[in-house]
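First the structure, which I've put down as structure tokens, then a few questions once you've had a look.
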Amino acid sequence: MSQVLIERIEATIVDLPTIRPHQLAMHTMQNQTLVIIRVRCADGIEGIGEATTIGGLAYATEGPESIKCNIDQRLAPLLIGQDATNINACMLRLDKAAKGNTFAKSGLESALLDAQGKRLGLPVSELLGGRVRDGLEVAWTLASGDTAKDIEEAERMLDLRRHRLFKLKIGAGEVSRDLRHVIAIKEALGERASVRVDVNQSWEESVAIRACQVLGDNGIDLIEQPIARTNRAGQVRLNQRSPAPIMADESIESVEDAFNLAAEGAASIFALKIAKNGGPRAVLRTAQIARAAGISLYGGTMLEGAVGTLAAAHAFLTLDKLTWGTELFGPLLLTEDVVTEAPVYRDFELHVPRTPGLGLTLDEERLARFARR
Ligand code: MUC
Ligand code: MG
């Protein structure tokens with residue numbers, strides 16, 4: 001294939017309303033902010049990508065404003081004039097010139113994959129080696145902050161056959177209250193659902209030891225990132241003691257982090273996130289490390305909209321085992337998105353089309369309406 005030069009890259013910050021507040025340990029989301037990336041190529045093809053985080057700078061080291069600034073000022077100039085058909089060379093060029101910035105890189109890599117898929121008439125999953133399934137089971141996060149409301153929401157999701165895996169966000173409040181909240185929800189749902197918790201690094205190890213025991217004893221299937229990412233030795237100890245499996249989330253900010261966690265035995269499950277690894281290709285490198293180390297996989301999210309969600313989904317479709325399912329429900333948390341057709345959720349799964357690229361088209365009117373001025 002002859003070269004196709006990258007002509008223009010645009011990053012737009014978009015503020016979208018959510019269906020309800022979403023309470024995490026470090027931040028309560030009242031809306032969600034996406035960075036939508038458009039890569040225009042000399043053959044007239046445009047690739048779209050998304051770089052999204054949670055709570056400004058509350059969750060990760062990149063926020064929407066810094067993502068846009070670094071793309072505009074640093075990363076886009078490195079890609080303009082490069083060959084859009086050689087995604088590998090483009091991403092190596094970014095990695096050589098820019099440390100970290102995995103969120104921005106993930107959005108750019110997604111856009112390059114989308115463009116190449118459109119160019120070749122292939123879905124991104126096929127560019128990544130080929131899908132082994134068309135749908136992904138999707139968990140829902142119960143995060144209203146209210147036990148009765150959360151149970152009601154879970155029952156509604158079960159009735160709709162939309163979700164039967166539920167993740168509870170805890171860690172913001174007092175530990176004993178959080179444990180009562182989780183146990184009440186598990187008791188209400190029983191064997192009809194898998195209940196997991198995400199502590200988002202909030203507990204100290206001395207608290208987590210007992211709390212993990214209580215959660216495991218009460219039928220909680222998985223405990224996500226109970227303690228700080230910086231306490232690596234503590235994660236290893238907890239992973240050895242906890243009766244419920246420990247999943248690493250914030251601990252993974254790069255493929256190299258994943259390797260070190262695997263080598264140390266710090267988790268038995270990895271949350272795969274394209275944003276934390278630097279894109280759909282990068283996240284598959286983390287998946288391979290996990291598989292080689294006997295670590296189970298879960299398809300994570302940074303609560304992206306449709307574009308980022310499908311970029312992750314195309315990568316996850318290529319994995320033979322996703323034992324713990326995915327949480328690619330970001331689009332369902334938004335009242336409106338910036339694409340013409342919403343992703344399809346049915347029978348507990350997200351169904352991913354076999355159309356070229358990511359399979360999405362930007363809705364120009366909504367993009368203009370929600371773009372931050
Ligand atoms: C996280 O920490 O996993 C994913 C789902 C959700 O509700 O929050 C995110 C972030
Ligand atoms: Mg998490």
Side-chain angles (χ1 to χ4, degrees), residues 18-34 50-63 102-103 106 136-145 149-150 153-154 157 162-163 165-172 178 181-182 185 194-203 208 215 220-229 235 244-253 257-258 261 266-267 269-277 283 286 296-305 308-309 312-313 316 324-334 345 350:
T18 49
I19 55 170
R20 57 153 166 73
H22 196 69
Q23 194 180 93
L24 294 86
M26 81 302 280
H27 175 80
T28 300
M29 291 166 57
Q30 305 290 346
N31 59 11
Q32 178 57 316
T33 301
L34 326 179
E50 179 183 334
T52 290
T53 186
I54 294 168
L57 284 168
Y59 192 106
T61 52
E62 289 169 72
T102 56
F103 286 68
S106 174
L136 297 163
E137 173 125 29
V138 177
W140 179 251
T141 297
L142 300 169
S144 73
K149 264 196 206 158
D150 280 359
E153 199 171 288
M157 297 304 173
R162 224 178 68 182
H163 309 279
L165 315 176
F166 297 103
K167 164 158 146 175
L168 314 187
K169 296 301 239 182
I170 57 173
D178 272 353
H181 169 75
V182 174
I185 292 175
S194 170
V195 177
R196 299 105 182 255
V197 299
D198 187 357
V199 195
N200 284 116
Q201 314 187 74
S202 284
W203 290 339
L215 291 169
I220 301 312
D221 288 325
L222 183 167
I223 303 169
E224 182 172 340
Q225 197 69 47
I227 63 174
R229 71 182 300 279
Q235 289 176 69
I246 302 287
M247 178 157 83
D249 180 11
E250 284 91 328
S251 297
I252 306 175
E253 285 188 355
D257 275 347
L261 290 163
I269 309 170
F270 279 180
L272 300 174
K273 296 191 175 178
I274 57 170
K276 304 253 200 89
N277 289 271
V283 86
T286 283
S296 305
L297 299 176
Y298 177 71
T301 181
M302 286 304 292
L303 300 177
E304 291 98 344
T309 295
F316 300 160
W324 295 87
T326 79
E327 56 182 17
L328 293 180
F329 69 87
L332 297 169
L333 197 60
L334 305 172
Y345 292 87
L350 164 64

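Whatever order the structure lists ligands and atoms in, that order sets their numbers, starting from 1.
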Checking Gln201, Lys169, Arg196, Lys167 against Glu224 for side-chain hydrogen bond (donor to acceptor under 3.5 Å, both in side chains), the one that qualifies is Lys167

Identify the heavy atoms of Leu136 and Val138 that sit nearest to each other, and give their distance.
O-CG2, 3.3 Å

Among Thr286, Thr53, Asp249, Thr102, which one satisfies side-chain hydrogen bond (donor to acceptor under 3.5 Å, both in side chains) with Lys276?
Asp249

Protein neighbours of ligand 1 with a heavy atom under 4.0 Å, given by chain and number, are His22, Leu24, Ile54, Tyr59, Thr141, Lys167, Lys169, Asp198, Asn200, Glu224, Asp249, Lys273, Thr301, Leu303, Glu327, Phe329

Decide whether Ser251 and Gln235 meet the rule of one side-chain donor and one side-chain acceptor closer than 3.5 Å.
yes

Quick one: does Glu50's side chain have a donor or acceptor within less than 3.5 Å of a partner on Gly305's backbone?
yes

In terms of the angle between their ring planes, are Tyr345 and His163 parallel, tilted or perpendicular, with boundaries placed at 30° and 60°?
tilted

Applying side-chain hydrogen bond (donor to acceptor under 3.5 Å, both in side chains), can you list everything that pairs with Thr326, at least two apart in sequence or on another chain?
none

Is there a side-chain contact (heavy atoms from CB on, under 4.5 Å) between Gln32 and Thr52 once you walk through the steps?
CA-CA 9 Å; Gln32 178 57 316; Thr52 290; 3.5 Å; yes

Partners passing side-chain hydrogen bond (donor to acceptor under 3.5 Å, both in side chains) against Thr33 (at least two apart in sequence or in another chain):
Asp15

Just the protein N/O/S atoms under 2.8 Å from the Mg ion (ligand 2), please, no waters.
Asp198 OD2, Glu224 OE2, Asp249 OD2

